[in-house]
Amino acid sequence: MTTMNEYAPCPFCNARNAEKIKFTWWGGLLGPKLLKHVKCLGCGKGYNGKTGKDNTTNIVIYSIVVAVVVLGFVLVLFTALGVLMYATK
């Protein structure tokens with residue numbers, strides 16, 4: 001639990017009580033930490049605890065970047081596997 005003034009006020013209800021979120025479905029352990037994501041104890045909505053703004057746009061960007069990186073990694077793995085299989089024939 002955090003102190004009342006550690007985070008910016010909630011952009012939805014203006015409450016000053018918030019708690020740090022450690023894990024989310026969209027960002028696992030790393031996403032909330034990178035985006036300073038907190039949950040308002042007044043209304044229950046998540047936002048950026050540093051800026052006091054909604055994190056939805058940042059979450060979408062983060063998710064797209066992660067998807068592109070994972071897709072690129074999978075593509076490299078399959079390409080390497082194809083080259084390896086071709087080379088061993």
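Please read all numbers here as calculations on a predicted model, not as lab measurements. We number each residue from 1, following the sequence as shown.
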**OP:** Give me the one residue out of V76, L75, V74 that meets side-chain contact (heavy atoms from CB on, under 4.5 Å) with F78.
**Re:**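 Single side-chain contact (heavy atoms from CB on, under 4.5 Å) partner of F78 among V76, L75, V74: V74.
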Original post:
Out of V60, N55, D54, T56, which one pairs with N58 under the side-chain contact (heavy atoms from CB on, under 4.5 Å) rule?
Top reply: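 Going through the options one by one, the only one that passes is N55.
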Original post:
With H37, which of Y7, W26, W25 fulfils ring pair (Phe, Tyr, Trp, His ring centres under 6.0 Å)?
Top reply: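 Passing option: W26.
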**OP:** If you link ILVMFWY side chains whenever their heavy atoms are less than 4.5 Å apart, which other residues fall into the same cluster as F73? By chain and number, please.
**Re:**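 Once heavy-atom contacts under 4.5 Å are chained together, F73 belongs with L77.
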**OP:** Run through the side-chain heavy atoms of Ile, Leu, Val, Met, Phe, Trp and Tyr, join any pair under 4.5 Å, and report what else lands in L29's cluster.
**Re:**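 Answer for L29: F23.
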Show me, pair by pair, the donor-acceptor contacts under 3.5 angstrom made by side chains of residues 62-69, not counting sequence neighbours?
from : atom 1 : to  : atom 2 : distance (Å)
Y62  : OH     : G31 : N      : 3.4
S63  : OG     : I59 : O      : 2.9

Original post:
Between C13 and C43, which heavy-atom pair has the shortest distance, and what is it?
Top reply: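 Here C13 and C43 meet closest at SG-SG, 3.8 Å.
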Original post:
Taking all atoms of both residues into account, what is the closest heavy-atom pair of F12 and G46, and its distance?
Top reply: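 Between these two residues, the closest heavy atoms are CE1-O, 3.6 Å.
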**OP:** Give the cluster check for V70 versus L34: same hydrophobic cluster or not, with ILVMFWY residues linked at side-chain heavy-atom distances below 4.5 Å.
**Re:**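 Looking at the clustering, L34 is in the same group as V70.
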Original post:
Do C40 and Y47 come close enough that some side-chain heavy atom pair is under 4.5 Å?
Top reply: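 Answer yes - side chains close enough.
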Original post:
For the atom pair SG (C10) and CZ (R16), what is the distance rounded to the nearest 0.5 Å?
Top reply: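 So the SG of C10 and the CZ of R16 are separated by 11.0 Å.
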Subject >> Check: N48 side chain, L35 main-chain N or O, donor-acceptor pair, under 3.5 Å >> reply: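 Between the backbone of L35 and the side chain of N48 there is a qualifying donor-acceptor contact (under 3.5 Å).
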